[in-house]
Amino acid sequence: RKEVEQDPGPFNVPEGATVAFNCTYSNSASQSFFWYRQDCRKEPKLLMSVYSSGNEDGRFTAQLNRASQYISLLIRDSKLSDSATYLCVVNVDSSYKLIFGSGTRLLVRP
Amino acid sequence: DAGVTQSPTHLIKTRGQHVTLRCSPISGHKSVSWYQQVLGQGPQFIFQYYEKEERGRGNFPDRFSARQFPNYSSELNVNALLLGDSALYLCASSLLAGVTGELFFGEGSRLTVL
């Protein structure tokens, strides 16, 4: 079983749609959680950290459910520029490494 | 300000050869991490160096080695290349050794092994 699992997609949605991605992690000792965005053939960039109480950044909302060991990302009012791969990332015990999921691909069409 | 810079950006090698990839972290960042990203997968941790010492190593064979220099730049070396080593190699820098915030990635070195 992979340490971090994501639906690879692609999710193909029209502009203005709301789309949600989920991610599950296997290690209950995981302490920090992130969503990174990766454009085609580019480097990953931090989209947002995920806090236990949930957090919002503009059109993006992240939620964490420690009991079920899953993380979600909600994107409202999708833009063409949101088309990218979204990587779910966890860190165990504030250690030195990040564990990435394989990513969920989002395509936003006009 | 310059971000994380990596070189070379693309390279082609044949099986059995070795390769050296280079990384310069953001100015002031003392930690450098290396990740391997195979097509269709997420990045996988290889090494982390902080203050010129290895702080962590991922599940990679001994053919992979790295080091960090006094100016905090880093090299990743891979010996006896295999076809499966074809990947995007990403370098990331951060201020501190632990993952307390954002990792800043370079654009990567894309290695093709023939």
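In the text below, chain A, chain B and the rest are named by the order of the sequence lines, each starting its count at 1.
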Joint cluster assignment, A:I99 & A:Y25, ILVMFWY side-chain distance < 4.5 Å:
yes
Residues of residues 10-20 of chain B contacting chain A, heavy-atom criterion under 4.5 Å, by residue number
none
I'd like to know if A:F33 and A:L74 are part of one continuous hydrophobic network [Ile/Leu/Val/Met/Phe/Trp/Tyr, side-chain heavy atoms within less than 4.5 Å].
no
Does atom OH of A:Y51 have more than 12 heavy-atom neighbours from other groups under 6.0 Å away?
no
Heavy atoms from other residues, nucleotides or ligands near NZ of A:K42 exceed 12 (cutoff 6.0 Å):
no
Has A:E3 got more than 12 heavy atoms of other residues, nucleotides or ligands less than 6.0 Å from its CD?
no
Once rounded to the nearest 0.5 Å, what's the spacing between atom CZ of B:F104 and atom NZ of A:K45?
10.5 Å
Would you mind checking which part of B:Q37 comes under 4.5 Å of any heavy atom in chain A, side chain (CB onward), backbone (N, CA, C, O), both or neither?
side chain
Mind ranking A:G103, A:P44, A:G101, A:C88 by heavy-atom pairs under 4.5 Å with chain B and telling me who comes out on top?
A:P44
A:L73, A:F11: one ILVMFWY side-chain cluster at the under-4.5 Å cut-off?
yes
More than 12 heavy atoms of other residues, nucleotides or ligands under 6.0 Å from CG of B:L39: is that the case?
no
Contact between A:Y36 and B:L103 at the side-chain level, heavy atoms closer than 4.5 Å - yes or no?
yes
Minimum heavy-atom distance A:L87-B:P43, with the two atoms named
CD1-CD, 4.2 Å
Is the ring centre of A:F100 less than 6.0 Å from the ring centre of B:F45?
no
Would you say A:R105 has more than 12 foreign heavy atoms packed within less than 6.0 Å of its CZ?
no
Residues of residues 63-72 of chain A with a heavy atom under 4.5 Å from any heavy atom of chain B, in residue-number order, are none
Can you pull out the residues in residues 105-114 of chain B with any heavy atom less than 4.5 Å from chain A?
B:F105, B:G106, B:E107, B:R110
Cluster link B:Y72 to B:W34, ILVMFWY, side chain under 4.5 Å:
no
Measure distances from A:Q38 to the heavy atoms of chain B and classify the residue's part below 4.5 Å as side chain, backbone, both or neither.
side chain
Is there a path of hydrophobic side-chain contacts, each under 4.5 Å between heavy atoms of I/L/V/M/F/W/Y residues, joining A:V108 to A:I75?
yes
All side-chain hydrogen bond (donor to acceptor under 3.5 Å, both in side chains) counterparts of A:S102, not counting sequence neighbours
A:K2, B:Q41
If one checks every heavy atom of A:R41 against chain B at 4.5 Å, the contacting part turns out to be both
Could you walk me through whether B:Y35 and A:L98 pass the side-chain contact (heavy atoms from CB on, under 4.5 Å) test, one step at a time?
CA-CA 9 Å; B:Y35 287 78; A:L98 296 180; 3.5 Å; yes
Do other residues, nucleotides or ligands put more than 12 heavy atoms under 6.0 Å from B:N59 CG?
no
